[in-house]
Every structure is written in structure tokens, then in C-alpha cells.
Number of protein chains: 2
Amino acid sequence: MARTRNFDENQILEAALHLFWEKGYAATSLHDLEKGTGLNRASIYNAFGNKRSLFKRCLALYVGQVKAMLDSITGAAASSREAVKNWLLFVIDFHFNPETPGGCLVILSALERYQHDQETKEMVASLFRHERKVVQRVLEEGVQRGEFPAGFDCAGVAGAITATTSGMVVMAMADAPVSALQEVFRAVMRLLDGK
Amino acid sequence: MARTRNFDENQILEAALHLFWEKGYAATSLHDLEKGTGLNRASIYNAFGNKRSLFKRCLALYVGQVKAMLDSITGAAASSREAVKNWLLFVIDFHFNPETPGGCLVILSALERYQHDQETKEMVASLFRHERKVVQRVLEEGVQRGEFPAGFDCAGVAGAITATTSGMVVMAMADAPVSALQEVFRAVMRLLDGK
DNA sequence: TATTTTCTTTACCATTCGGTCAACAAAAAC
DNA sequence: GTTTTTGTTGACCGAATGGTAAAGAAAATA
């Protein structure tokens, strides 16, 4: 009946995600998106509506990927400590992965306050909530396994670990050397060992 | 000999700082600066050069204020634990202070990667370095005082605390409730007590 | 092959961006 | 009060912004 698309929507989303991830929503222009995706701007609008809805699709993709990564890493760990360790190490590797822009689109979007509507803010908050919940569950399993004492403040420590991962990303964005991030990682693990 | 300025440079800097602090460098337009400072854009250029150099003056002002606040808070504390406690509580209050935009200009600027030159990045990095150094000194004094054991990893823990403060600011920017930040604060203090 | 429907392209739109310039206003020095 | 120098003003600049409309190209159906 009609002409077919000559691009893969997922490929375009990945390319656009890469751009937003690098510069944030506001600083990524339609010109950037045209170059980065290889699509004409009218094709982008035809396929995705407008810049904002394209961004939301990318953000949803990103949030889903990170959540899946977190679930997979913590699920594969043999102990609570190993789960936390592997998650922190992943956060460091994640930033320095050369195939990736570095930093974190969700943190970037959280800081771009006035650019985003409630729906976007909710997606951002959902990743932080998910991270906190998963880490808390990991710690609670550690308590059950005897890795941590009975009165261990799983909720609080999960919040602290979640905050620390965001802080490590900020450090990395401020050009902190890998060694500084690794030092933070070791200190967190040691504080966790302390009780 | 000539006409005098009819504005106070420091007042203008404070007003501009407030704007940059709210939206970041790129999202703050000259129109915003005109409205926020009450100055015509040509007057701004006459007094401060251009948008970038005005921003740098504001950033320097901000960095100096935060450093002074950190020094004052830690200097006034009677113990190492109290110093850390008061600094973390200040970070929370700082965000929810109604006279202030909330968030942190330095973190915001660290995330605005492609907007800034080396000089700006250096100012950003200098605040993080300063914070880490001060907290480390505070912990080392705690070791001397017997608050922490001899082998205590002051450098690592100082890095972790610094990362956590940045993470708390990110959490707050993502609309986390005060209670969540306070929970992180309590967990950090308890982890510190654990050893 | 002709038709129909969608995708793609080019050119364009109004608006906003940071920045500038020339005219004007005011205050200190004489 | 005149002169001189600086601050202030408003109009203006080219470039870039997100977004759109209409024409052209291609593929599946008939």
C-alpha cells in the first residue's frame, strides 16, 4: 500500500540517546540529532513527534537499560557484599567505557530542572527509587544470610550507597581520576565490612 | 572627570549568581540576566566583558562562599564526628534554604561538559579537592584524638563522604524528600560510628 | 502498470540567542 | 558653566534555535 521506512527505529533511538546522554536535552540541537542519526529533521518529526517526545523515548530506553543492568548484576552475585561491590565497580566502568559518552543521562536530566515536565521527572525519580529498592533488598538478604547483624539499617545504608554512586558519577564528570573513584569504592566496602 | 556607576558590582554578581545557580550557564539567557540584575545588557558587557566572564566571576564567588562555609563549619566543631555531622546537615539545609535556588552551581557546571573551558573546569575541580582535603584533615584530627582507630582510612572515607554529599544534592534535585536525605545522613553517621 | 499511501527532502518560518554600536545622559574636573 | 569622560540606553546584527509545509520519491496493492 505505501512506502516503507528505510531506517530502524531502535537504531535511531540509540543514536539519539547517545547525543542526549552526551550533552543533555537542551544543548542537543536538532542539527546535532540530524547529524547523529543520519535522518532529516522532518523525518525525525514524522517518526517521533518532536524533540521532547524523542527525548522521552531515549530516556525511557536508558532507564530500562540501567535498571536491567542493575538487576542482572545484583542477581548474579553470590553474596550481598559481592552484589554491592559489583554494582559500584560497574558504575565506575560505565563512566569510562569508551563506547559510551560517560556520565549519566538521568543525573543530567535531574539537574536540567526547568527543561522538563512532570512525566520526565517521574522517569528520573523512578530510576533512583529502583536503585535504592534493589540495594536495600540485597542488604536485607545479606542480613538473612548473616553477612550483616540483625539490627542493620538496610534502608539507610541503601540510600547512602545510592547517593554515593551518584556522587561518584559527579566526581567523574568533574574529571576526577579513576584512582579517586576506586579509592571511594574501597572505602565504602571497608565501611560496610566494619559492621 | 566622568560619570560614576549607579549600581553595586557585588550586588549584580550576587543576582547573576542566583540566576546561573538556578538554571546553569547555557540556559540562563542575557534576557534573564537583564531582568534579574536590572541592568541593560550593554551595561553588563561594559562592566563584565561578556556572558562567559560574568559567569566565571559568579562561579568564583560561589566557590569562595562554599569553601568559607565549609571551613567555618568544620573549624567550629568540637570533634571530628561533629564536624562531619554539621557539614552533612548544612548540605541538606543548603538545598532547602528558601533564599537560595537549591542544588549546587558547581555540580551543575561539572555536568555542563561542553559549555565550559579549562579554567572553569579547574574552578569546579578545586571545590571538590578542597572539600575532600578538609574532610580528610578533620578525620585525621579525629584519629589523633582517638575518635577513630589508628589504621583508619582517612583519605578514602573523606572521598566517600565528599561523593555522598554530591549524591545527596543530586537526590534533592531529583525531588527526593527531606526525610530521604536525613536517612542518608543518619546512615553515614552510623557507618562512621561502626569503626 | 497505475494508483495510492507513506516516507523523505528542500526550503522556509518566527523566535531567540549572544553580542555590538551609535546616540544620549550624567557626573567630576576645570 | 563648559568640557571631558564614562555609564546607560535602545535599536540592531547575523547566527542558530525548534518546528512546519509542500513537493517529490518509493514501495505495496490493485
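In what follows, chains are A, B, ... by sequence order, proteins preceding strands, each numbered from 1.
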Sugar-phosphate or base contact per nucleotide [nucleotides 8-15 of chain C; S, B, -; heavy atom under 4.0 Å]
BBB-----
How many Å lie between CD on B:Gln115 and P on C:dC17, as a whole number?
14 Å
Given atom NE2 of B:His31 and atom P of C:dG18, what is their separation to the nearest angstrom?
11 Å
Ring geometry between A:Tyr25 and A:Phe55 (parallel below 30°, tilted from 30 to 60°, perpendicular above 60°)
perpendicular
Can you list, in residue-number order, the parts of residues 10-30 of chain B that come under 4.0 Å of DNA chain C, counting heavy atoms only?
B:Thr28, B:Ser29, B:Leu30
Atom pairs and distances, donor-acceptor, side-chain atoms in residues 10-23 of chain A, under 3.5 Å, two or more places apart:
residue, atom, partner, partner atom, Å
A:Glu14, OE2, A:Gln65, NE2, 3.0
A:His18, NE2, A:Glu99, O, 3.3
A:Trp21, NE1, A:Gly102, O, 3.2
A:Trp21, NE1, A:Gly103, O, 3.3
A:Glu22, OE2, B:Tyr114, OH, 2.8

Please determine if A:Lys56 and A:Asp117 form a salt bridge, counting it only when a charged side-chain N lies under 4.0 Å from a carboxylate O.
yes
For the pair made of CG in B:Asn50 and P in C:dG19, what is the distance, rounded to whole Å?
5 Å
Are B:Arg81 and B:Asp193 close enough for a salt bridge, meaning some N to O gap below 4.0 Å?
yes
Among residues at least two apart in sequence or on other chains, which ones pass salt bridge (charged side-chain N to carboxylate O under 4.0 Å, His left out) with A:Glu82?
none
Treat a base pair as Watson-Crick or G-U wobble with both distances under 3.5 Å, then lay out DNA chain D in dot-bracket form, 5' to 3', with | for cross-strand pairs.
||||||.||||||||||||||||.||||||
B:Glu112 with B:Lys121: basic N within carboxylate O range, under 4.0 Å:
no
Just the rounded figure in Å: distance from C1' of C:dG18 to CZ of B:Arg52.
11 Å
Scan residues 158-183 of chain B for pairs that pass side chain to side chain donor-acceptor pair (under 3.5 Å), counting only residues two or more places apart or in two chains.
A:Arg132-B:Glu183, A:Thr164-B:Thr164, B:Glu131-B:Thr165
To the nearest 0.5 Å, atom CG of B:Leu108 lies from atom CE of B:Met173 at 6.0 Å
Between D:dG18 atom C1' and A:Phe55 atom CZ, what is the distance in whole Å?
16 Å
Round to a whole Å and report the spacing from NZ of B:Lys35 to C1' of C:dC17.
15 Å
May I ask you to decide whether B:Glu119 forms a salt bridge with B:Arg52, counting only side-chain N to carboxylate O separations under 4.0 Å?
no
Rounded to the Å, how far apart are A:Tyr45 OH and D:dA22 P?
18 Å
Is the closest side-chain donor-acceptor distance between B:Asn50 and B:Ser53 under 3.5 Å?
yes
Under 3.5 Å, is there a donor-acceptor pair between the side chain of B:Gln136 and the main chain of B:Ala158?
no
